[in-house]
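Read the structure below first, then the notes.
Order of the sequence lines sets the chain letters (A, B, ...), proteins ahead of strands, with each chain counted from 1.
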There are 2 protein chains.
Amino acid sequence: MNGRHSGRPTLEEVAVRAGVGRGTVSRVINGSPRVSDRAKAAVEAAIAELGYVPNRAARALAGNRTDAIALVIPEPETRLFAEPYFSDIIRGIGAELADTDMQLLLTFIRTPKERARFGQYLAAHRVDGVLLVSVHEDDPLPDLLEQLEMPAVLNGRRSDLESVSYVDADNVGGARAAVAHLFARGRRTVATITGPPDMYVARCRLDGYRQAVEAAGSAGASSELVARGDFTEEGGRRAMRELLVRRPDIDAVFAASDLMAAGARQVLRESGRQVPSDVALVGFEDSAIARHMDPALTSVRQPTEEMGRTMARVLLEEIAERASVRRHVVLTTELVQRDSV
Amino acid sequence: MNGRHSGRPTLEEVAVRAGVGRGTVSRVINGSPRVSDRAKAAVEAAIAELGYVPNRAARALAGNRTDAIALVIPEPETRLFAEPYFSDIIRGIGAELADTDMQLLLTFIRTPKERARFGQYLAAHRVDGVLLVSVHEDDPLPDLLEQLEMPAVLNGRRSDLESVSYVDADNVGGARAAVAHLFARGRRTVATITGPPDMYVARCRLDGYRQAVEAAGSAGASSELVARGDFTEEGGRRAMRELLVRRPDIDAVFAASDLMAAGARQVLRESGRQVPSDVALVGFEDSAIARHMDPALTSVRQPTEEMGRTMARVLLEEIAERASVRRHVVLTTELVQRDSV
DNA sequence: AGCCTTAGTGGGAGCGCTCCCACACCCTCA
DNA sequence: TGAGGGTGTGGGAGCGCTCCCACTAAGGCT
């Protein structure tokens, strides 16, 4: 059944059926304006009658393109895959691609070997473009992409100076709003648990915290109130313990991720403090964890699905136009109020 | 830069460089045994020197295959995407595919239009095989796949009679173990909150519950102790309320999903009951929610990543051998004990 | 009327592979 | 010594498209 000639109609057969040439059928399929209405109608009828579907491989070979983009997920993040954050981004990407006939390739990069292989993929132009999630500051992939002139869009950026196109959330603004909210609720001693300082996103959230502290006219951002975490639950616990030692009088904590907030809450409870009556708590990301914490965690939501959509849209634009104009998009965040503050 | 001839070496160029014919190079690349060691070495050297990477499109066109498989995610489940369950499955699939040069295509099916389009994809043989997650009983896709003789593997099955290849977890055994554990801890009145009865997985978990109840020599599975949920948190709340009305003396609940367990716990707390002292609680899936509930939820873990790996492996086998031998794999589950029982 | 444009069209050439036939070449055996 | 089998090999013929050149027909201008 699966023989050499599978009986599927080809463009040539459509042409015969429609009584036109191969070129005309190709033009109709690709939406060229240089086709008469009569020919177009005939071709469309023939396509419908025959149930013709273009052969992707032939198209790719002849056209020197692939109609496929890769979504690259580096190893350290494959865990994060479980987060609504990622899945929403992917949903967004999928939604944006639905009307296209771009294919979405999922690519995990775990080992240096896989990284090298992916480099070859790129060099061999097996995809028309690349979507990169959660890039680290020292990730060489974006530079490789740029060098190969391969259209690419990052989710987040590596630094202020990011040159490759990216779509990011307003981390500074989100953090600022969260901390401002704590002050507005009458909290005075607002601490923060940061992400790893070598991650741009972590620095942004810390900046937001500092801005809010300053705006509140508080005694300036005392460095005693800043503890370093690493975006993990355990890191959140460690940082919280540290903060309680340094400043037992803390009455609010802004954690730069929900997971760290969860860790912090455990430590707070162990120390006999109630949330929110003794210490208010705000997280970042608005993940499932936030909703299911006790009390439910107030957190900063990023427009994740929209970010995914935007990433895809931006990439498609970059692929469409040959020239490589970089695009930088920053989407606003929103504070989701629950019971922890 | 991206011109017609991109300067990438072709198989022909490799042949010239190695001083052999095109056919020989092809044979080396495809691992044919009918090549002399001398020729093989020469070709491999030439490939390395030139940095040759086969052109996928040309290969697909000439070989009538695609070296790609699709992972299909139907709409109602795109939300579940956020669950570790899915992401682990995908991770497993990715891991298994890493050593292959199979590509993984992500395909969401949201609308009937998209479903139709995907049918065309299949008919046009744009993929070599299909991985299907969370199929519903009335899902026509598996039958379509079978009819098209397209290799396919389901995650879970539609019924006992499932004919298409599948990889499933031992839902019956997992549920049985969970409920047996409740009895072993001295609970007497063990209720269950089921999934929707039109889902095979829900029926399996209910079966497991019944088996354990019978084995415990309890007064048989009183239908009073079985409440119907729908795998959602709200469904869990509703079912729990119902159970408390029918049997206020319940001292344990087995929820067929963690999300329903979370809903149940809320209702239990509202009714003034403590978990686990008054009522013990067990979930299913071992999701992030389970770990972050208060108290942490004892739950049945499925070997999700292993399921993903197995799905990919089975699919690759099915693609490799032309004949369509169906494979049915059931992997064991494990009770993860936490604080809710 | 003659010329130039433009819209619309057909089909050759080629994209880079795999498949497979034909052809050496070597060894065996009678 | 010759027929009969392997092995290993080269290269023609496609796979189904897109690109582009050549061509026709219909109009617009002087």
Side-chain angles (χ1 to χ4, degrees), chain A residues 2-43 46-47 50-68 101 123-126 128 322, chain B residues 2-43 46-47 50-68 101 123-126 128 322:
Chain A
N2 222 337
R4 199 93 185 88
H5 186 249
S6 34
R8 261 169 282 131
T10 68
L11 182 142
E12 186 101 44
E13 295 172 55
V14 172
V16 171
R17 177 86 171 211
V20 299
R22 235 173 45 247
T24 301
V25 177
S26 178
R27 262 166 244 135
V28 171
I29 290 169
N30 293 294
S32 158
R34 303 236 160 290
V35 187
S36 66
D37 290 346
R38 237 171 50 76
K40 192 174 167 201
V43 169
I47 287 176
L50 265 41
Y52 169 75
V53 182
N55 180 314
R56 210 182 183 86
R59 223 172 188 185
L61 180 58
N64 197 35
R65 66 204 166 110
T66 62
D67 287 339
D101 65 348
H125 284 259
R126 282 190 176 175
D128 293 341
R322 304 262 115 182
Chain B
N2 220 335
R4 200 89 185 89
H5 185 249
S6 34
R8 263 169 280 135
T10 69
L11 183 142
E12 186 101 43
E13 294 172 56
V14 173
V16 171
R17 177 88 173 210
V20 299
R22 234 172 45 247
T24 301
V25 178
S26 178
R27 260 165 245 136
V28 171
I29 290 170
N30 294 293
S32 159
R34 301 238 161 294
V35 186
S36 67
D37 290 345
R38 236 173 48 75
K40 192 174 167 198
V43 169
I47 287 176
L50 265 40
Y52 169 75
V53 182
N55 180 315
R56 210 182 183 86
R59 225 174 186 180
L61 180 57
N64 198 32
R65 65 203 166 110
T66 62
D67 288 339
D101 65 347
H125 284 259
R126 281 190 178 173
D128 292 342
R322 302 264 116 182

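- Among the nucleotides C:dT18, D:dT9, D:dC17, the one closest to any side-chain atom of B:Arg59 is C:dT18.
- For A:Arg65 and D:dC19, the CZ to C1' distance is 12 Å, given to the nearest whole Å.
- For the pair A:Arg56 (side chain) and B:Ala124 (backbone), a donor-acceptor distance under 3.5 Å is absent.
- With DNA chain D read from its 5' end, the first of the two nearest nucleotides for B:Ala58 and B:Gly23 is the one closest to B:Gly23.
- If you check every strand for non-hydrogen atoms under 4.0 Å, B:Arg27 touches a base.
- Contact annotation: A:Thr24 side-chain N/O to C:dG10 OP1/OP2 distance is under 4.0 Å.
- Per the geometry, CZ belonging to B:Arg8 stands 8 Å off P belonging to C:dG16, to the nearest Å.
- Rounding to whole angstrom units, CG of residue B:Asn64 and C1' of C:dT18 are separated by 11 Å.
- One interatomic measurement links the two molecules: CG of B:Asp101 to P of C:dC17, which rounds to 13 Å at whole-angstrom precision.
- With B:Arg59 as the partner, the side chain to side chain donor-acceptor pair (under 3.5 Å) test is satisfied by one option alone out of B:Asn64, B:Thr66, B:Asn30: B:Asn30.
- Distances from the side chain of B:Val20 to the nucleotides D:dG14, D:dC17, D:dG10 place D:dG10 closest.
- Nearest-nucleotide positions on DNA chain C for A:Arg38 and A:Arg22 put A:Arg38 closer to the 5' end.
- Using a 4.0 Å heavy-atom criterion, one finds that A:Ala39 contacts the sugar-phosphate atoms exclusively.
- Rounded to whole angstrom, the span from the CD atom of A:Glu12 across to the C1' atom of D:dC17 amounts to 10 Å.
- A 4.5 Å side-chain heavy-atom check between A:Thr10 and A:Glu13 finds at least one atom pair inside the cut-off.
- Rounded to an integer number of Å, the gap from A:Leu11 CG to C:dG11 C1' is 12 Å.
- Residue B:Leu61 contributes atom CG, which lies 13 Å from atom P of C:dC15 at whole-angstrom precision.
- In this structure, B:Val14 and B:Ile29 have side chains that are not in contact, with every pair of non-hydrogen atoms separated by 4.5 Å or more.
- B:Arg8 contributes no side-chain N or O that, together with a main-chain N or O of B:Asn55, makes up a donor-acceptor pair within less than 3.5 Å.
- Atom CG of A:Asn55 and atom P of D:dT18 are 10 Å apart (whole Å).
- Comparing atom distances between the B:Asn30 side chain and each of C:dG16, D:dC17, C:dT18 picks out C:dT18 as nearest.
- Take the nearest nucleotide of DNA chain C for A:Arg34 and for A:Gly21: the residue whose nucleotide is more 5' is A:Arg34.
- The shortest distance between the side-chain N/O atoms of A:Ser26 and the OP1/OP2 oxygens of D:dT18 is below 4.0 Å.
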